[in-house]
Each structure stands twice: as structure tokens, then as C-alpha cells.
Amino acid sequence: MKLGAIDIGTNSMRLLVADYIDGKLLNREKFINTTRIGQGVDNEGYISFEAIKRNIEALKEFSKLAESKGCEKIYCIGTSALRDSKNKLDFVKLSKEECDIDVEIISGEEESNLGFLGVLQGLENRDNILVIDIGGGSTEFILGGPQGIEFCKSENVGALRMTEKFLKKDPVSEREFEDMEKFITKTIAKTLEKLKKENIKSIVGIGGTITSVCAINQKLESYSMEKIHGSEVCKKDLDIILQNLKNTTLNDKKRLKGLQPKRADIITAGVAILNIIMKNLEKEEIIVSEYDNLEGLLCQNAKKMS
């Protein structure tokens, strides 16, 4: 059975197409479009007319692509920016009218559940893992194992949200960066305090920030799911990458090997969030997973169907 899953995130829209056979996802293909539905949502409280138009067009393209790949069913979720916007129902209505897609806006907790479920699909060692999902609008923390989730929390710090709020200069000014670090640290302090007391065997990262860091670290000429999935990023490598990003202009960031040019303006904030988490939890490496909430969404729905 061929299925499709779409995630409308704050920064980008992603599509997963895969075969679901005997409880496993095979022949996975992923597509991404940087659609920035969350642009300005933190300040204005609304998705702009331009962002709605941009995302409806992208949704139409993904819907056609999924159908051309033979998908029998397409599932679609909206996360942080859609949760927070006052005109989210306008977007949901338009998606149905123009694309015949039902967009389900999910809570931070549901997003965490799907991310964790997806990670378990692609991991061998599943005991006491902490999954960290740094998105455009929020960061999810999920702790658990094969027996299920023991703790999860969604915090409103994300790569796009923090960039819009703090990072105005190019390259980033030290003052701006320090203000952002203080804000992130204060916002996620309680969650990190709780996690410090837990017996975390490994940290797994999902989402665009960590996969970008991994691709930059490997200096990948072109993105490869195989090279990213299951690889590790060390804290010392993360420090070097962050220092480099802070001192680099946006134009130079766009030319960095491994980084999608459309993510260049928000990567510094994303890496700063990751760095604060690892520093506070005193962890020296993070495993990168290419299985995330899209795989979780497909598995959850496929199980209901079978």
C-alpha cells in the first residue's frame, strides 16, 4: 500500500511517500519546499495572505506529486505556526476547497508523539532515548523507549521564531546572540531541569536544524538520507559550526556545503537552540534520525487502516 504524508511546518512543507508493508515503511522518498507559513506569525498573530497563497500552491504540487507516485491516501498535519495563528481555519478551509486535502492541526503533544513513533521506526537501540525536534516555530522534547513516551514537552523556541525575534544584523551581532541565548535558556530551563534527572542513554535529533548541521559537518555536496540517518554529531563539532555561523554573512552561509540556501537565514538560531540543550544536558554527541513525524504519521494511520 503506497501512502503519502505532508507536514506543514513553520519554515517548510515536507512530503513523504512510502510503501507500508507488514508494519514497515519501504521505498521512502522525501520532498521539501521552504514555504515559510510562519513568517510574521509570532509578531502579527496571523498567517499573511502571501504565505497562505504560497502554501496552497505548494500543497497542490505535493498533492499532485503524491498521486503521480501512486499514493492511495494522503495524510496532512499542520504544526506550530498553524497552531498559533488566528486565521488557521481559513487556511484549512482553502486547503480542502482548492487541494482536496484535509489539514489536521495537531497539538505540541501530538507532534511529539508522531516524532517519537517515527524515530522508533528507524532505530535499533531504543531504550531511554531523548528525541529533540527543533522546528521553525517550536522545539519538542520527547523521552521514552519501546514501552512508550514517559515525558514530552513542546517549547515555543524555534529557528524561524528566534531569528525573527532577535537576529536582525548580518552577520549576527554578539549582543543579539547573547539576548537570544538568554531567552532560549530561560524558556526551556524547567524542561531541561526535569530531563537532567532522567537516565538518558542517547539523544536523537530530528528536523531541519539537526539534519543541516549533520550535512554541514560532512560537507555534503548534495543531501543524502543514507549518509545522514544514524550518523552522529559531536558537541565539539557543533561548537565549531556555531562559531563559524555567527561570524559568517548570509551570502556566505548560502554557499556553505551541506546547507540548503533557503535555510541559511535561520540556521544560526536553530544551532544555538541545539547547543544550549546539549550543553545543559552535558551530552557529548547526538544521533541524527531521518525518520521523524512524517514516518510517525504514516505508521499511525496505516495501523488504523489495517
Inset, instruction - Apply ring pair (Phe, Tyr, Trp, His ring centres under 6.0 Å) to F31 and list each qualifying residue two or more places apart in sequence or on a separate chain. - result: none

Inset, instruction - Check side chain to side chain donor-acceptor pair (under 3.5 Å) between D90 and all other residues, then give those that pass, not counting sequence neighbours. - result: none

Legend entry - All side chain to side chain donor-acceptor pair (under 3.5 Å) counterparts of E110, not counting sequence neighbours: S107

Legend entry - Contact list for residues 210-254, test ring-ring contact (aromatic ring centres under 6.0 Å, His included), sequence neighbours left out: H229-Y291

Only distances under 3.5 Å count here; give the side-chain donor-acceptor pairs of residues 203-217 to other protein atoms, sequence neighbours excluded, each with its distance to 0.1 Å.
unit_1 : atom_1 : unit_2 : atom_2 : d
T211   : OG1    : G207   : O      : 3.1
T211   : OG1    : G208   : O      : 3.3
S212   : OG     : G208   : O      : 2.6

Inset, instruction - Apply side chain to side chain donor-acceptor pair (under 3.5 Å) to E97 and list each qualifying residue two or more places apart in sequence or on a separate chain. - result: K93

Legend entry - ring pair (Phe, Tyr, Trp, His ring centres under 6.0 Å) against F91, all qualifying residues, sequence neighbours excluded: none

Under 3.5 Å, which donor-acceptor pairs do the side chains of residues 62-74 form with other protein atoms, sequence neighbours left out?
unit_1 : atom_1 : unit_2 : atom_2 : d
S68    : OG     : L65    : O      : 2.7
K69    : NZ     : E29    : OE1    : 3.3
K69    : NZ     : E29    : OE2    : 3.1

Inset, instruction - Check the hydrophobic clustering (I, L, V, M, F, W, Y; side-chain heavy atoms under 4.5 Å; chains of links allowed) and say if V157 and L245 are grouped together. - result: yes

Legend entry - Pairwise ring-ring contact (aromatic ring centres under 6.0 Å, His included) hits with a residue in residues 195-215, at least two apart: none

Side-chain atoms of residues 144-152: list all donor-acceptor pairs with protein atoms under 3.5 Å, sequence neighbours left out, distances to 0.1 Å.
unit_1 : atom_1 : unit_2 : atom_2 : d
Q147   : NE2    : E150   : OE2    : 2.7

Distance-only criterion, 3.5 Å: show the donor-acceptor pairs between side-chain atoms of residues 257-265 and protein atoms not counting sequence neighbours.
unit_1 : atom_1 : unit_2 : atom_2 : d
K257   : NZ     : E221   : OE2    : 3.3
D265   : OD1    : R36    : NH2    : 2.8
D265   : OD2    : R36    : NH1    : 2.8

Legend entry - Residues E198 and K194 bridged, charged N to O under 4.0 Å: yes

Legend entry - Contacts of E181 that satisfy side-chain contact (heavy atoms from CB on, under 4.5 Å) - sequence neighbours left out: F177, I276

